[in-house]
Amino acid sequence: MAQATTAADHSNPLQAIIAHAKEYGFLYPSSEIYGGLQAVYDYGPYGAALKRNLQDLWWRSMTQLHQNIVGIDAAIFMHPHTWQASGHLDSFSDPLIDNKDSKKRYRVDALLEAQATAWAQQGNEEAAEDLLQTMHHLLQAQDLVGLHRLIVSTGIQCPVAKTSNWTAVRQFNLMFATQAGALEEKADTIYLRPETAQGIFVNFLNVQKTARMKVPFGIAQIGKSFRNEIVARQFIFRMREFEQMEMQFFVRPGTESYWFDYWKEQRLKWYLALGIPSTRLSLQPHKHLAHYAQEAVDIEYAFPFGQKEVEGIHSRTDFDLRNHETHSKKKLQYFDPEINQNYTPYVIETSLGCDRLVLLLLCQGLVHETVTESGQQKTRTYLKLPPALAPIKVAILPLVKKDGLPEKAQKLVAELRLAFPLAYEENQSIGKRYARQDLIGTPYCITVDHQTLTDDTVTLRERDSMQQQRLPIGAVRNYLFEKVNLQTIL
RNA sequence: GCGGAAGUAGCUCAAUUGGUAGAGCGACAGCCUUCCAAGCUGUAGGUCGCGAGUUCGACUCUCGUCUUCCGCUCCA
């Protein structure tokens, strides 16, 4: 007989995840009826619930488990000067050029600087200096044609292809810009934030003073960020609009190393607590540091498409606060009563991609198991999510749709519906209903059968093991709570 | 952005030198069933990714475009 189609039929593991996510209501391509929008996705009912649970878990593990961390929710729009101070306006808009033969893409300034360095080493420092001067002028003027002419006239070759077969120079601004105000010509350009961190930095003093925080302390935030990625790929791994969960931890200068190590360890533990095997996780120190970072490490997960960053932990020094001081001309310092001194705190950042974490859980959770049942081989597909994060905690199922079982089951639904997100289904065979719940990751199913009518007990089936046990109806609520609340993780 | 592959129902796929789309699964409704997707009956889903062109006629040929995957590239 025909076997139900499962995602296991796909040869590509990421395709299998995408197909499953779509088919079972986790993620859809954005505006799909119009052909989709590149690198933008919508969360469906189960995906939205899963994401919300994850955010709740993270939020609580930051703000409730740590007395010295508070949360905020800053606006997506910020004063344009913010992005000058943060460095995003400059470093997010590098002119790039492609070599048509090697298909390699380069930053124009990097190519020219390399050439200048080469000339300087050959003793031709004057020419090197001239080149850099010219480049800076062109960059300032945003003269892309001039930059292209300079590349060509300098005779710069692609290090790989050894040719000068260049495309035009193009500007890739990674920040989305829009206009504030109704009159476009008078309006300021404002940007959709490319990271949530700046909303924390500009509020540093507000939070410190109004919540009476003492260094060391942290500010946590969950929110959307936007990056106009040149290449956005791998499903929800790199999206143009994405959700960050990050915490900036302010420390006394000189203690940043200690706190960097502290948070590195804390954050890694958090993933292990989620049940992610340590073999699939790794800590990857950065080789090339971002413009603000003193030390940085990524927590990476072995996705089907490779070992990739899920969370970054950065030692940002006082880069951000100092720059905001300079640009805003407001003092952003902390008076430390312990040492009787004013200083600009150093910052340790933990920043994780919420959507990446959702993808991680889908990758980690989607299981195709071959089971043998009465001599027949079958594939059993289920989504092994941590119970505390599952969109639906329990499904309540009358064994058959008669003899008063649905009514009895509905009573239980009424008792539990406020305590747990739950599902009720009475159509089709019990096996099919179990399977459907397995596919969306529901950890428990409760079945009301004929015995329930005589002794008020139900069977409780566990998703992963498929084992059943009988429980008195009165014990169900506490039993489930023990299994599915967030404390099972934290 | 470059190169490769693909796009037909919710999913997996079919449709003979171009003649106005079908199946299985799934969904839904009803029946049957005391525990792991497999019984019976019925119903609803598609302007064949989108737009042009060629043609009497295009799912089928040509061009463009969008989206996705793979590789490269990039990456705070």
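In this text the structure is predicted, and so the values were computed from the model without any measurement. Convention: sequence-line order gives letters A, B, ...; per-chain numbering from 1. FYI, side chains are in, hydrogens and waters are out, and symmetry mates aren't considered; it's all heavy atoms of this structure.
- One P atom belongs to B:rA58, the other to B:rG53, and the distance between them is 11 Å to the nearest Å.
- Within the structure, a side-chain polar atom (N or O) of A:N427 is placed less than 4.0 Å from OP1 or OP2 of B:rA29.
- In this structure, B:rG45 is classed as syn because its glycosidic torsion stays within 90° of zero.
- Rounded to the nearest Å, the gap between the P atom of B:rC66 and that of B:rG30 is 47 Å.
- A:Y28 comes within contact range of no nucleotide atom at all, as no heavy-atom separation falls under 4.0 Å.
- The base-pairing partner of B:rG1, taking Watson-Crick or G-U wobble contacts with both distances under 3.5 Å, is B:rC72.
- Only the P atoms considered, B:rA44 is 24 Å distant from B:rA38, to the nearest whole Å.
- Across all strands shown, A:T459 has heavy atoms under 4.0 Å from base atoms, whether or not it also approaches the sugar-phosphate.
- For B:rC48, there is no paired nucleotide, since no Watson-Crick or G-U wobble pair has both relevant distances below 3.5 Å.
- When both pairing distances are held under 3.5 Å, B:rC59 makes no Watson-Crick or G-U pair with any nucleotide shown.
- Separation of the P atoms belonging to B:rU41 and B:rC25 is 12 Å when rounded to the nearest angstrom.
- The CD1-P distance, from A:I18 to B:rU67, rounds to 15 Å in whole Å.
- Contact annotation: A:K402 side-chain N/O to B:rU33 OP1/OP2 distance is under 4.0 Å.
- With a cut-off of 3.5 Å on both pairing distances, the Watson-Crick or G-U wobble partner of B:rG7 is B:rC66.
- Separating the OH atom of A:Y444 from the C1' atom of B:rC35 is a distance of 18 Å, rounded to the nearest angstrom.
- Atom-to-atom, CZ of A:F26 to P of B:rC11 comes out at 16 Å; the value is rounded to the nearest Å.
- Using a 4.0 Å heavy-atom cutoff across all strands shown, A:Y34 reaches no nucleic acid atom at all.
- B:rC36 is unpaired under the Watson-Crick or G-U wobble criterion, no partner having all donor-acceptor distances under 3.5 Å.
- Relative to the six-membered ring of A:F176, A:R240 misses at least one condition, a distance below 6.0 Å or an angle of at most 45° to the axis.
- Residue-level contact check: A:R461 touches the bases, meaning some heavy atom is under 4.0 Å from a base atom.
- Here the rule is side-chain contact (heavy atoms from CB on, under 4.5 Å) with A:V347, and of A:F319, A:F249, A:F201 only A:F201 fits it.
- Residue contacts shown for A:D403 are absent, as no nucleic acid heavy atom lies under 4.0 Å away.
- For B:rA29, the paired base is B:rU41 (Watson-Crick or G-U wobble, both distances below 3.5 Å).
- If you check every strand for non-hydrogen atoms under 4.0 Å, A:Q468 touches a base.
- One atom, CZ of A:R238, and another, C1' of B:rU68, lie 17 Å apart when rounded to the nearest Å.
- Nucleotides B:rA15 and B:rC59, compared at atom C1', are 9 Å apart to the nearest Å.
- Taking the centre and axis of the six-membered ring of A:Y382, the NZ or CZ atom of A:R380 falls inside the cone set by 45° and 6.0 Å.
- Using Watson-Crick or G-U wobble geometry with both donor-acceptor distances under 3.5 Å, B:rU17 finds no partner in any strand shown.
- As rounded to whole Å, 12 Å separates atom C1' of B:rA37 from atom CD of A:E425.
- Separating the P atom of B:rA27 from that of B:rU47 is a span of 22 Å, rounded to the nearest Å.
- Ion pairing of A:K408 with A:D456 is present here, as a side-chain N (NZ or NE/NH1/NH2) and a carboxylate O approach within less than 4.0 Å.
- The shortest distance between the side-chain N/O atoms of A:K22 and the OP1/OP2 oxygens of B:rC11 is below 4.0 Å.
- At least one side-chain nitrogen or oxygen of A:S429 sits closer than 4.0 Å to the OP1 or OP2 atom of B:rA38.
- What separates CG of A:L439 from P of B:rG10 is a distance of 19 Å, to the nearest Å.
- Note: CD (A:E426) to C1' (B:rC28) measures 14 Å, nearest angstrom.
- Taking the six-membered ring where the residue is Trp, A:F250 and A:F204 present tilted rings, their angle falling between 30° and 60°.
- In terms of phosphate contacts, A:Q38 brings a side-chain nitrogen or oxygen within less than 4.0 Å of OP1 or OP2 of B:rU68.
- Salt bridge A:K224/A:E241: present, at least one basic N to carboxylate O contact under 4.0 Å.
- Between A:D438 and A:K432 no salt bridge is recorded (no basic side-chain N to carboxylate O distance below 4.0 Å).
- Separating the C1' atom of B:rG19 from that of B:rU60 is a span of 11 Å, rounded to the nearest Å.
- Ring centroid separation for the pair A:Y28 and A:Y41 does not come in under the 6.0 Å cut-off.
- Each of A:R433 and A:I33 lies near RNA chain B, and the nucleotide nearest A:R433 is the one positioned closer to the 5' end.
- For B:rC40 and B:rC32, the P atoms lie 16 Å apart once the distance is rounded to whole Å.
- At whole-Å resolution of the value, CD in A:E23 and P in B:rA27 are 10 Å apart.
- In this structure, of B:rU34, B:rA37, B:rU68, it is B:rA37 that holds the atom nearest to the side chain of A:A435.
- Comparing A:V458 and A:Q428 by the nucleotide of RNA chain B that holds the closest heavy atom to each, the one mapping nearer the 5' end is A:Q428.
- Taking side-chain N and O atoms only, A:K432 has a distance below 4.0 Å to OP1 or OP2 of B:rA27.
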